[in-house]
Amino acid sequence: IIETSPAQPGLVRIRKAEAPPGEAKLDPQTDPQIRYVARFNDLSAAQMHVHNELRHSLVDAETGLYRNDPVTAVAAAQSIALRHRQIYLDPELEGNASLNEAIETRRWHHQLADRIWQAVGVLAVAFLLIKILFGF
């Protein structure tokens with residue numbers, strides 16, 4: 001769950017819950033505003049990945065507070081390469097061109113990093129094979 005609060009402008013809270021939030025009536029002046037909810041198969045891994053994406057803006061690890069905007073936080077969660085299903089997206093963010101662009105940019109960076117590490121692995125195996133075959 002990604003939420004913002006009028007009491008803490010410029011901050012987003014990322015928290016996990018075993019069940020989706022209820023339909024309780026919230027006071028928009030004081031209560032947190034839910035911006036995004038997704039269901040991940042591995043909740044702990046998802047939380048770790050989102051934290052890794054937003055680690056430079058961490059304010060308080062215990063409460064899950066980050067100095068970021070909702071677009072960046074949602075893009076970080078949506079671009080994770082773990083199986084998940086989006087349950088809710090704030091209507092203000094839905095169809096936001098900068099959100100879609102941020103998600104695609106993050107996914108591209110993840111794919112690039114994966115390709116680089118795969119190339120490193122292939123080179124390491126090739127080096128080991130050369131070392132075994134030629135006795136270097």
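The chain is numbered in sequence order, starting from 1.
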Check your understanding: If you round to the nearest 0.5 Å, how far is CZ of Arg83 from CZ of Arg39?
Key -> 12.5 Å
Check your understanding: What heavy-atom pair brings Val71 and Asn96 nearest, and what distance separates the two atoms?
Key -> CG2-ND2, 3.9 Å
Check your understanding: Ala76 and Glu53: which non-hydrogen atoms are nearest, and at how many Å?
Key -> CB-CB, 3.7 Å
Practice item. Answer yes if Tyr88 and Ile103 sit in the same cluster of Ile, Leu, Val, Met, Phe, Trp and Tyr residues linked by side chain heavy atoms under 4.5 Å apart, and no otherwise. Key: no
Review point. Does Ile34 share a hydrophobic cluster with Leu93, counting links as ILVMFWY side-chain heavy atoms below 4.5 Å and allowing steps through other members?
Key: no
Practice item. Indicate yes or no for a side-chain donor-acceptor contact from Arg35 to the backbone of Leu89 under 3.5 Å, with no hydrogens or angles considered. Key: no
**Study point:** Same apolar cluster (I L V M F W Y, side chains within < 4.5 Å links), Leu133/Ile130
**Key:** yes
**Study point:** Leu65 CG to Leu54 CG distance, which is reported to the nearest 0.5 Å
**Key:** 12.0 Å
Point to revise | For the student: nearest non-hydrogen atoms of His110 and Ser79, plus distance | key: ND1-O, 3.3 Å
Practice item. Test Glu3 against Gln33 for side-chain contact (heavy atoms from CB on, under 4.5 Å), laying out the working first. Key: CA-CA 5 Å; Glu3 59 190 17; Gln33 181 181 8; 6.0 Å; no
Check your understanding: In Å, rounded to the nearest 0.5 Å, how long is the span from CD of Gln118 to CD of Gln111?
Key -> 10.5 Å
Review point. For Gln78 and Arg107, which heavy atoms make the closest approach, and how far apart are they?
Key: O-NH2, 3.1 Å
Exercise for review: Please check if Phe40 and Val50 belong to a single hydrophobic cluster, counting links between Ile, Leu, Val, Met, Phe, Trp and Tyr side chain heavy atoms closer than 4.5 Å.
Suggested key: yes
Review point. Under a 4.5 Å cut-off applied to non-hydrogen side-chain atoms, are Ser44 and Lys16 in contact?
Key: yes
Point to revise | Cluster overlap Val125 with Phe134, hydrophobic side-chain contacts below 4.5 Å | key: no
Check your understanding: Hey, what do you get for CG (Asp60) to CG (Leu58), rounding to the nearest 0.5 Å?
Key -> 7.0 Å
Check your understanding: Within the distance-only criterion (no hydrogens, no angle test), does the side chain of Asp42 pair as donor or acceptor with the backbone N or O of Ala45 below 3.5 angstrom?
Key -> yes
Point to revise | Student check: side-chain heavy atoms of Thr4 and Arg13 closer than 4.5 Å | key: no
Check your understanding: Between Val59 and Arg67, what is the shortest heavy-atom contact and its length?
Key -> CG2-N, 3.6 Å
Study note, to complete from the structure: For Val12 and Pro70 the tightest heavy-atom approach is CG1-N, 3.8 Å
Check your understanding: Is the backbone of Ala77 close enough, under 3.5 Å, to the side chain of His49 for a donor and an acceptor to pair up by distance?
Key -> no
Review point. Between Thr72 (side chain) and Asn68 (backbone), is there a donor-acceptor pair under 3.5 Å?
Key: no
Check your understanding: Nearest 0.5 Å, what's the CE-CG distance between Met48 and Leu43?
Key -> 12.0 Å
Exercise for review: Dump the intermediate steps for side-chain contact (heavy atoms from CB on, under 4.5 Å) on Leu82 and Asn41, then the final yes or no.
Suggested key: CA-CA 8 Å; Leu82 297 174; Asn41 290 350; over 6 Å; no
Study note, to complete from the structure: Interatomic distance, CD1@Ile14 vs OH@Tyr66, rounded to 0.5 Å, equals 5.5 Å
Review point. Is the count of non-hydrogen atoms from other residues, nucleotides or ligands lying under 6.0 Å from Glu101 atom CD greater than 12?
Key: no
